[in-house]
Every structure is written in C-alpha cells, then in structure tokens.
Amino acid sequence: MASNETAENERELANVKLYDRAGAYIPRVAAVHDLCGYGKCSLGVAIPVLSAAGCDVCPVPTGLFSSHTAFPGWYMHDTTAMLRDYLDAWRDIGVDIDAVYSGFLGAPEQVDVILNLYETYPDALRVVDPVMADHGKIYPTYTPELCDAMAHLACSADILTPNLTEAAIILGEPIGESWGGVNIDDAEAHRMVNALLERGAKHVVLKGVQRGDGVIRNFVGGRELPIVEVHNDYVDYMLHGTGDVYASCLLAAVMAGQGIADAAQFAGEFVLASMEVSAQQPDFRDRGVNFESLLGRVTELLR
C-alpha cells in the first residue's frame, strides 16, 4: 500500500501543467514538420489531431514527401530555401504563436530556422519530437550533421519526446547495439531521462520501452520533479506514424490544459486505439496509422 501511495504522490508531483488554457481562446501552434502525401505521418497527423483539440495549426513544411520512407522510390523536396521568407512573412503580418512543435527535419539549417522561431516567440511552448531514428537505426535522410543539429535543438525543448534510439543519439551514446532500441530497465530509463534534462530539456517523455511482457512504457520527468512511468497495452505489429500520433496527442492534451503525465497517458491510449482501428483496414501495415474515427476523443479533452 505504501508503495502505491508513493507512486500516486509522485505522479501528482510530476503531472505539471505547461499551458494554461484561458476561456474560449484558441491557441496557435506552429507545426514544423514534413508533409507526406501517402502513409499517415507528420503534418498529416499534427494538423487534424491538434485541430481536434481546438488549436489553430499553422504548418511550417520542412520537406515534401511522396510517401514515407519505408516505401521504395519515395520522392523528397527539401523546403529549406523557402523557410526564412515564409516565416518572415508571418512576422510582417503580426502572426502570434503559443507553441512551436517540431518533428522531422530535412536539413541541418532548419534547426537555425526553429531557433529563430524561438527568438521571435520567446513565450511560446517549445515541443521537440526529435524524429530521426528508431529500433537502433537512423532514418535514411538523416546525415550525421543533421543528427547533431537535432541533438542541439533537443536541448532547448520545454517538452522533449524521444524514443530510446533518439535519446541515445542526443546523448552521444551507442544506439541500441545491446538493447535493440527498445528494452531497458527502470534504472537505465531514469538515467537517460536525467541525462537529457541535464543537457537542457525542461521536461522529457522517453517513449517506447518494451520488455516482452505485453506492456509499452513511457517515462515522464522534469527538472526537480520525480520520474514517473505511464504505460498501456502493447500490440505485436508496427505501424508508421505512431510516433507522430503520440507526440501530437501529447501536445493536444497539454494545450487543452492537462498535466504532462496525464497527457502522456492519453497519448499512449490513443495510439493503442488507433493501431487497433488500423488493423481492421486492408493493407494496414503499409498505409500507416488510422486515427480519424477517434478524433472525438481528442475534442473531449476540452470538456
């Protein structure tokens, strides 16, 4: 009983609110992600999920993809050259932003663009999903220079949401040769969260710890706060885009006024439900995660 009470107390302490939703105000979120034509991910996830949470989503496309990179023959158009003019035009018309949410990046120079966004909107919540690797493997478009730039950006985050492989890259550690990118114990998870906090992130949600026991664990921590585990059931198939759904749902819950631990719990449960819906679709392993029929759950956060 005492241990349960301790866990509940720690959860309450860790469950800090990072955004104060005021009345009927609709917050604006700059979503700095790529746009993918086929295979649900990135802006194709962030826009509907955050919109369902009553946010005004302002996309900043970091690249244009024909499909996600698991498909052969994908096409990418790098948008780096247009981003400064794009965002200067926002500034010239007085666009205000309440949160900057970044994910997949197309070039190292795009980190400077995001840092300039931080300077332009110093009070905006900074959310970094460092999309660059998973299960011990770096994505094919990511160069060492881009990984280094992403690691630098991660240190500026108010909320950082890496999987284990991405956390190892940010910390300059081996990316999963011994643990396969998924399986670490509690002590190692706490060490990684604390190391990321020491690098500069204010709050960390370490995603996707799997131990073969039918549960997927995420560890939530902040500076001078306890580290707590939130978890949900694990399904034994992988779908592209689930990381984007998770980070977008977490931010949606935060912008709706939930504490970060509750937001992490909600995000995990939403991803699980989306994967179960997806498994009922033809060719579901290729087409990406289907969440559309569940967006009402996001809107319910506003109640």
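Note that the structure is a prediction, hence the values are computed from the model and not measured. These values consider heavy atoms only, across backbone and side chains, with no hydrogens, waters or symmetry-generated copies.
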Reported [atom1]-to-[atom2] distance for the pair [X] and [Y], which is rounded to 0.5 angstrom:
{"X": "Phe65", "Y": "Asp78", "atom1": "CZ", "atom2": "CG", "value": "8.5 Å"}
{"X": "Gln258", "Y": "Gln265", "atom1": "CD", "atom2": "CD", "value": "10.5 Å"}
{"X": "Phe270", "Y": "Met275", "atom1": "CZ", "atom2": "CE", "value": "13.0 Å"}
{"X": "Ile227", "Y": "Asn194", "atom1": "CD1", "atom2": "CG", "value": "4.0 Å"}
{"X": "Asn163", "Y": "Met132", "atom1": "CG", "atom2": "CE", "value": "8.5 Å"}
{"X": "His231", "Y": "Gln210", "atom1": "NE2", "atom2": "CD", "value": "14.5 Å"}

Taking every non-hydrogen atom, the tightest pair across [X] and [Y]:
{"X": "Met76", "Y": "Thr141", "answer": "SD-CG2, 4.3 Å"}
{"X": "Ser51", "Y": "Val57", "answer": "OG-CG2, 3.7 Å"}
{"X": "Ala261", "Y": "Val230", "answer": "O-CG1, 3.8 Å"}
{"X": "Ala167", "Y": "Pro162", "answer": "N-CB, 3.8 Å"}
{"X": "Cys41", "Y": "Cys36", "answer": "SG-CB, 3.6 Å"}
{"X": "Val128", "Y": "Pro130", "answer": "O-CD, 3.4 Å"}

Which of parallel (below 30°), tilted (30 to 60°) and perpendicular (above 60°) describes Tyr142 and Tyr139?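 Rings of Tyr142 and Tyr139: perpendicular, over 60°.
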Hey, what's the ring geometry for Tyr101 with His33, parallel, tilted or perpendicular (30° and 60° as the breaks)?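 Perpendicular, since the angle between the ring planes exceeds 60°.
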Do the non-hydrogen side-chain atoms of [X] and [Y] ever get within less than 4.5 Å of each other?
{"X": "Pro59", "Y": "Ile47", "value": "yes"}
{"X": "Cys249", "Y": "Val271", "value": "no"}
{"X": "Leu153", "Y": "Tyr118", "value": "yes"}
{"X": "Leu18", "Y": "Asp158", "value": "no"}
{"X": "Val95", "Y": "Tyr121", "value": "yes"}
{"X": "Pro61", "Y": "Met82", "value": "yes"}
{"X": "Arg11", "Y": "Asp262", "value": "yes"}
{"X": "Val60", "Y": "Leu83", "value": "yes"}

Would you say Glu12 has more than 12 foreign heavy atoms packed within less than 6.0 Å of its CD?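 Not buried by this count: 12 neighbours or fewer within 6.0 Å.
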So for atom CG, which belongs to Leu13, do other residues, nucleotides or ligands contribute more than 12 heavy atoms lying within a distance under 6.0 Å?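 Yes, CG of Leu13 has more than 12 neighbouring heavy atoms, counting only those of other groups under 6.0 Å.
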Ignoring hydrogens and geometry, is there a side-chain-to-backbone donor-acceptor pair from [X] to [Y] under 3.5 Å?
{"X": "Asp244", "Y": "Leu43", "value": "no"}
{"X": "Glu173", "Y": "Ile169", "value": "no"}
{"X": "Arg223", "Y": "His203", "value": "no"}

Under the side-chain contact (heavy atoms from CB on, under 4.5 Å) rule, what do His77 and Thr79 come out as? Steps first, then yes or no, please. CA-CA 6 Å; His77 175 72; Thr79 61; 4.0 Å; yes
Hydrophobic clustering (ILVMFWY, side-chain heavy atoms < 4.5 Å, transitive) - are [Y] and [X] grouped together?
{"X": "Phe104", "Y": "Val205", "answer": "no"}
{"X": "Trp90", "Y": "Leu125", "answer": "no"}
{"X": "Phe219", "Y": "Ile216", "answer": "no"}
{"X": "Phe266", "Y": "Val16", "answer": "yes"}
{"X": "Val100", "Y": "Ile159", "answer": "no"}

If you apply the rule side-chain contact (heavy atoms from CB on, under 4.5 Å), what do you find for Val228 with Glu8, and how did you get there? CA-CA 9 Å; Val228 298; Glu8 289 176 7; over 6 Å; no
Suppose we screen for salt bridge (Lys or Arg N to Asp or Glu O under 4.0 Å). Which residues come up paired with Glu119, at least two apart in sequence or across chains?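 By the salt bridge (Lys or Arg N to Asp or Glu O under 4.0 Å) rule, Glu119 matches no residue at all.
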No-hydrogen, no-angle side-chain donor-acceptor test under 3.5 Å, [X] and [Y]:
{"X": "Thr62", "Y": "Asp34", "result": "no"}
{"X": "Asp134", "Y": "Thr165", "result": "no"}
{"X": "Asp98", "Y": "Tyr25", "result": "yes"}
{"X": "Thr80", "Y": "Glu109", "result": "no"}

Using residues 283-301 as the side-chain source, report each donor-acceptor pair under 3.5 Å to any protein atom, sequence neighbours left out, with the distance given to one decimal.
from: Glu292; atom 1: OE2; to: Lys40; atom 2: NZ; distance (Å): 2.6
from: Thr299; atom 1: OG1; to: Ala52; atom 2: O; distance (Å): 2.9
from: Glu300; atom 1: OE2; to: Arg303; atom 2: NE; distance (Å): 3.2

I would like to know whether Ile97 and Leu117 meet side-chain contact (heavy atoms from CB on, under 4.5 Å); could you show each step before the answer? CA-CA 9 Å; Ile97 294 294; Leu117 265 177; 5.6 Å; no
Residue among Glu166, His190, Arg217, Met192 satisfying side chain to side chain contact (heavy atoms under 4.5 Å, CB included) with Leu206: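 For Leu206, the side chain to side chain contact (heavy atoms under 4.5 Å, CB included) check succeeds only for Met192.
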For salt bridge (charged side-chain N to carboxylate O under 4.0 Å, His left out), just list the numbers for Asp186 and Arg211, CA-CA rounded to whole Å, side-chain angles, deciding distance to a tenth of an Å, and then say yes or no. CA-CA 11 Å; Asp186 285 1; Arg211 298 175 184 159; 2.7 Å; yes
Show your working on ring-ring contact (aromatic ring centres under 6.0 Å, His included) between Phe71 and Tyr38 and close with a plain yes or no. CA-CA 10 Å; Phe71 286 103; Tyr38 184 74; 5.5 Å; yes
With sequence neighbours left out, which residue pairs that include part of residues 147-166 fulfil the ring-ring contact (aromatic ring centres under 6.0 Å, His included) condition?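 Applying ring-ring contact (aromatic ring centres under 6.0 Å, His included) to every pair that reaches into residues 147-166, excluding sequence neighbours, yields nothing.
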Salt bridge (charged side-chain N to carboxylate O under 4.0 Å, His left out) for Asp129 and Lys207? Distances and angles first, verdict last. CA-CA 11 Å; Asp129 186 20; Lys207 305 179 299 186; 3.2 Å; yes
Start with the C-alpha gap between Asn218 and Glu229, add the side-chain angles, then the distance that decides, and say whether side-chain contact (heavy atoms from CB on, under 4.5 Å) holds. CA-CA 6 Å; Asn218 306 300; Glu229 175 194 312; over 6 Å; no
